[in-house]
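Some notes on the structure that comes next.
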Amino acid sequence: MCYTPPALATAYRASDSIVNAQSLIKLPGLILFVMGLCFVFGYISFWLLAVFAVVGAVASVFLFRPKFWNEDVPHAGAIVHIDAHMAVRPTILKHVPPDGYRLTCLYFGSGLIDRTTRLDHGFRYEVLDRIPALEGGCKPFDELCDRRAHEIVREARRRNAKINLLWSGGIDSTTACVALMRASRDQPKQMRIFLSKESRKEYPAFHKEHLNGQFELQWIDNVGKAYRQDGLIVTGELGDQIFGSAKALEIQTQSLLRPTSEPFPGPLRKPWSDALYEQVRKRLASDVRAQAVLDYLTPQIETAPVAIDDLFTCLWWMNFSLKWQPVSLRMMGSAVGLSLTDFQSRTRHFFQTDDFQQWALHHAGQGVREDWTTYKWAARDYIYAFTGDDQYRRLKEKLPSLRGMMKPAVAFGALAISADGDLFWEKRDQSLKGPLATEVGIEIEASREAPLWDDLDDGE
């Protein structure tokens with residue numbers, strides 16, 4: 001069974017009809033607008049208008065209130081996507097996940113799907129985009145960018161479709177933008193740029209010199225708006241999974257704030273086992289929780305196809321092997337009215353290719369060089385070759401760029417997507433948020449856990 005949360009259409013199987021939630025949401029407003037006109041021209045009284053308005057508001061509350069999955073037996077099908085709030089529930093569609101899975105998801109602030117299939121999640125899951133076997137070599141990063149852009153341009157022209165690029169101003173989406181601009185320079189009108197105020201603020205020089213007045217720009221505050229228009233949706237998603245992990249930046253930032261801490265790279269280049277345990281212990285405020293996470297992850301890490309020598313490489317591998325699929329599907333929560341098949345048919349994450357995965361495997365642990373300003377150095381160099389903007393290359397900081405454009409409906413519940421394309425919603429659970437007295441013998445102040453909880457679905 002599949003239910004509709006507030007302001008979102010359920011994505012049914014591809015063979016079923018698609019409900020246009022945006023049309024439903026706009027319907028009460030349209031009715032009130034027409035009634036308002038009737039009132040202005042004297043066809044309806046003020047009191048009758050007020051009655052209709054109240055009735056419409058009450059009906060809207062009941063129409064769009066959350067409806068949650070509530071079957072008596074565990075869900076039998078495979079899951080392809082799970083958000084953070086679903087992943088940390090004590091039961092997931094009536095399945096009981098291992099403590100190690102829930103706590104690992106809590107630490108990373110994300111739902112996880114293991115692309116190696118070695119980890120037990122407590123429920124059936126299906127890998128849609130497997131990790132390719134490691135080959136003997138890989139092509140240069142700039143060549144991969146140019147090739148990927150030409151593939152997208154050729155596909156769009158073959159389908160007679162626009163290229164709708166989601167540009168956040170960050171390194172990943174700017175890399176995709178530069179590559180597509182180079183590949184479509186003979187037909188610039190083929191590309192449409194979707195951006196927000198945060199996008200322009202993050203990279204104002206690029207907006208001013210390369211976008212404004214040269215491409216069709218559409219200002220949005222939600223990626224779902226881009227899906228309402230025809231065309232291929234191109235994103236910079238999975239760039240973090242290629243290069244490293246925002247968790248590494250978090251650790252480095254914490255290190256820099258301590259006067260007695262080690263200089264870069266600090267704990268990031270320490271052997272992964274001890275360093276990961278220490279970071280999880282700090283984050284989850286519990287020795288017991290940290291050991292559960294380490295016990296859960298170690299068998300998977302030890303069978304990685306590349307050497308995992310230090311914490312930075314370990315965090316990249318976790319991002320690459322566990323968060324790849326949830327990140328690739330997370331926009332579906334904003335793409336209202338699309339089935340899983342339609343979402344995949346229209347979405348082109350720029351870095352979602354075997355070639356980029358090969359590059360990542362061959363550069364495991366090399367996503368950052370002498371300091372954090374070199375994170376994603378290959379993409380920085382690629383952008384610089386086009387813009388000549390040395391300041392962006394040297395000083396651009398890692399920011400949660402997508403946050404300003406992602407407004408999924410997870411605020412209303414916890415979400416899982418089945419392999420059949422059904423969206424399943426359950427109520428949020430906050431049992432992991434409580435005091436840890438039973439585990440570590442002390443009471444953790446509430447302020448320690450509040451930021452952790454707020455970081456769920458942070459994204460990268």
Side-chain angles (χ1 to χ4, degrees), residues 1-24 66-69 71 74-87 92-93 95 110-115 117 121 123-130 152 155 159 161 164 166 222-235 237-238 241 322-353 402 406-410 412-426 457 459:
M1 186 174 292
C2 185
Y3 298 100
T4 304
L8 261 191
T10 305
Y12 295 97
R13 292 184 177 90
S15 60
D16 294 338
S17 61
I18 299 174
V19 177
N20 189 333
Q22 295 299 325
S23 296
L24 289 176
K67 296 180 180 179
F68 297 104
W69 187 86
E71 297 294 327
H75 176 255
I79 297 299
V80 295
H81 173 80
I82 184 169
D83 77 2
H85 289 281
M86 181 69 82
I92 299 173
L93 304 181
H95 293 281
S110 172
L112 304 173
I113 298 290
D114 179 22
R115 295 204 291 156
T117 70
H121 296 348
F123 54 86
R124 283 185 57 205
Y125 61 94
E126 181 177 326
V127 178
L128 302 179
D129 194 3
R130 290 189 175 273
I152 293 173
E155 180 185 8
R159 296 171 61 168
N164 297 328
L166 300 179
N222 185 343
V223 297
K225 293 181 180 180
Y227 281 91
R228 297 179 204 165
Q229 300 194 31
D230 293 335
L232 290 178
I233 306 295
V234 180
T235 85
E237 290 277 62
L238 303 176
Q241 284 64 43
L322 299 179
K323 292 183 66 175
W324 182 281
Q325 187 159 308
V327 168
S328 72
L329 295 177
R330 65 182 175 181
M331 282 188 182
M332 191 170 166
S334 294
V336 294
L338 287 186
S339 68
L340 176 60
T341 301
D342 290 337
F343 176 81
Q344 292 176 310
S345 174
R346 291 196 57 196
T347 306
R348 295 294 175 268
H349 300 311
F350 189 78
F351 297 101
Q352 193 173 17
T353 70
L402 196 61
M406 283 283 285
K407 293 186 178 179
V410 292
F412 300 104
L415 170 66
I417 302 176
S418 75
D420 292 326
D422 293 329
L423 273 64
F424 296 98
W425 298 85
E426 290 197 272
D457 268 338

Contact summary for Ile152 and Leu232, nearest pair of heavy atoms = O-CD1, 4.3 Å
Got Tyr227 and Asn164 here, is their nearest side-chain heavy-atom distance under 4.5 Å?
-> no
Short side-chain to backbone donor-acceptor contact, Asn222 and Gly224, under 3.5 Å | yes
Candidates Arg115, Gln352, Gln325 - the one meeting side-chain hydrogen bond (donor to acceptor under 3.5 Å, both in side chains) with Asp129 = Gln352
Could you state the interatomic distance from CE (Met86) to CZ (Phe424), rounded to the nearest 0.5 Å?
-> 9.0 Å
By side-chain hydrogen bond (donor to acceptor under 3.5 Å, both in side chains), His121 pairs with (sequence neighbours left out) Tyr296
Would Val327 and His349 satisfy side chain to side chain contact (heavy atoms under 4.5 Å, CB included), going step by step from the backbone distance to the final call?
-> CA-CA 10 Å; Val327 168; His349 300 311; over 6 Å; no
Sorted by chain and number, sequence neighbours left out, salt bridge (Lys or Arg N to Asp or Glu O under 4.0 Å) with Glu155 holds for Arg159, Arg348
Sequence-distant partners of Ser328, side-chain hydrogen bond (donor to acceptor under 3.5 Å, both in side chains), two or more places apart | none
Please round to the nearest 0.5 Å and tell me the distance separating atom NE2 of His95 and atom OH of Tyr125.
-> 13.5 Å
Under a 4.5 Å cut-off applied to non-hydrogen side-chain atoms, are Glu426 and Leu93 in contact?
-> yes
Kindly give the heavy-atom pair with the smallest separation between Pro326 and Ser110, and that separation in Å.
-> CB-OG, 4.5 Å
Got a second to check how far Asp422's CG is from Trp69's CH2, nearest 0.5 Å?
-> 12.0 Å
For Thr353, which residues count as a side-chain hydrogen bond (donor to acceptor under 3.5 Å, both in side chains) partner, sequence neighbours excluded?
-> none
In Å, rounded to the nearest 0.5 Å, how long is the span from CG of Leu329 to CG of Leu340?
-> 6.5 Å
Asp114 side, atom CG; Trp324 side, atom CH2 - distance, nearest 0.5 Å | 14.5 Å
Side chains of His75 and Phe123: closer than 4.5 Å at any heavy-atom pair?
-> no
Contact summary for Ala87 and Gly111, nearest pair of heavy atoms = CB-CA, 3.8 Å
Has the side chain of Arg330 got a donor or acceptor atom that lies under 3.5 Å from a matching backbone atom of Asp83?
-> no
Ile233 and Leu166 have their tightest heavy-atom pair at CG2-CD1, 3.8 Å
So do the side chains of Leu423 and Met332 get within less than 4.5 Å of each other, counting heavy atoms only?
-> yes
Please identify each residue that fulfils side-chain contact (heavy atoms from CB on, under 4.5 Å) with Ala419, with sequence neighbours left out.
-> Ala78, Val80, Glu126
Any sub-3.5 Å donor-acceptor pair from His81's side-chain atoms to Ala416's backbone N or O?
-> no
Just how far is it from atom CG of Leu112 to atom NZ of Lys323, taken to the nearest 0.5 Å?
-> 7.5 Å
Taking Ser345 for the side chain and Thr341 for the main chain, is one N or O donor matched with an acceptor at less than 3.5 Å?
-> no
Met331 and its side chain to side chain contact (heavy atoms under 4.5 Å, CB included) partner, picked from Thr235, Thr347, Leu338 | Thr235
All heavy atoms of Phe351 vs all of Glu237, minimum pair found to be CD1-O, 3.8 Å
